[in-house]
Amino acid sequence: MAAAARSRLPGFLCINLGSTLLGNEAALSYLTELAARAGLSPGRVILEFPEHLPIDVPAWVASHKLLRAAGFRTALDDLGAGYASLSVLAAYVPDVVKLDMRLVQGVSDSAQRVRRKLVGHVAAMVLDLGAEVVAEGVETPEDAETLLELGVYLQQGYLHGRPTVPIDAGGDETTGATESGALVP
């Protein structure tokens, strides 16, 4: 968080959290403390909950309420895969819903009529609920254009940016790669 605050880059810092942090008030309070020490407004931080572990729905709701009260934005990552199901979304709507790349890739293929309809309807539903929609794994201009036609304007994937070299807490470049960035306003 400190490196993001020092960089003064526009946009948001997206952090993936494990679903095991759901309901852990001490851990969620620590995130608030870290942001304050780093001088980073919680409003510039999107905390993402990925799909690879089961989501305790009551803890999901409680955690999102705590995080929003602290000023953070929240995201449900990888909707359409794993444990990131519509039942989780029905319990509490986060600020951002990210559509899983396995759902998104190939959306432009004319043989994928069902996929295209599904992505379009899910995106429309999420927008209607008041959340932003991000399509993950956008790698072709054709998929990007089809997503725009379906009303999905926020996209991430190799088409929009390759993985980058992160900056460590001291401000120096380190080795390794990060996810390509979402085009979140």
Show the nearest heavy-atom pair for residues [X] and [Y], with the distance to one decimal.
{"X": "L127", "Y": "G151", "result": "CD1-O, 3.8 Å"}
{"X": "C14", "Y": "E48", "result": "CB-OE2, 3.3 Å"}
{"X": "A123", "Y": "V133", "result": "O-CG2, 3.7 Å"}
{"X": "P94", "Y": "A131", "result": "O-CB, 3.3 Å"}
{"X": "G43", "Y": "R73", "result": "O-CD, 3.8 Å"}
{"X": "V45", "Y": "F12", "result": "N-CD2, 4.4 Å"}

For V88 and L76, what are the C-alpha separation, side-chain angles and deciding distance, and is it a side chain to side chain contact (heavy atoms under 4.5 Å, CB included)? CA-CA 9 Å; V88 173; L76 176 59; 4.3 Å; yes
At what distance, to the nearest 0.5 angstrom, does [atom1] of [X] lie from [atom2] of [Y]?
{"X": "S29", "Y": "N24", "atom1": "OG", "atom2": "CG", "answer": "8.5 Å"}
{"X": "L17", "Y": "I46", "atom1": "CG", "atom2": "CD1", "answer": "12.0 Å"}
{"X": "Q105", "Y": "Q112", "atom1": "CD", "atom2": "CD", "answer": "11.5 Å"}
{"X": "L31", "Y": "I15", "atom1": "CG", "atom2": "CD1", "answer": "6.5 Å"}
{"X": "L47", "Y": "R68", "atom1": "CG", "atom2": "CZ", "answer": "11.5 Å"}

Heavy-atom side-chain proximity of [X] to [Y] below 4.5 angstrom:
{"X": "V126", "Y": "L89", "result": "yes"}
{"X": "L86", "Y": "M125", "result": "yes"}
{"X": "K117", "Y": "H121", "result": "yes"}
{"X": "T140", "Y": "L159", "result": "no"}
{"X": "T32", "Y": "F72", "result": "yes"}
{"X": "L67", "Y": "F49", "result": "yes"}

Test side chain to side chain contact (heavy atoms under 4.5 Å, CB included) applied to L154 and V152, step by step: CA-CA 6 Å; L154 304 176; V152 181; 5.8 Å; no
Partners passing side chain to side chain contact (heavy atoms under 4.5 Å, CB included) against L103 (at least two apart in sequence or in another chain): L118, V119
Salt bridge between K98 and E132, side-chain N to carboxylate O under 4.0 Å? no
Check this for me, if you would: do D109 and R115 make a salt bridge, where the nitrogen-to-carboxylate-oxygen distance has to be below 4.0 angstrom? no
Taking [X] for the side chain and [Y] for the main chain, is one N or O donor matched with an acceptor at less than 3.5 Å?
{"X": "Q155", "Y": "E136", "answer": "no"}
{"X": "R116", "Y": "S108", "answer": "yes"}
{"X": "D95", "Y": "T74", "answer": "yes"}
{"X": "D100", "Y": "L79", "answer": "no"}

Using the rule that Ile, Leu, Val, Met, Phe, Trp and Tyr join whenever any side-chain heavy atoms are under 4.5 Å apart, tell me whether M101 and V134 fall into a single cluster. no
Exceeds 12 heavy-atom contacts within 6.0 angstrom, atom CD of E149: yes
I'd like to know whether the aromatic ring centres of Y92 and W60 sit less than 6.0 Å apart in this structure. no
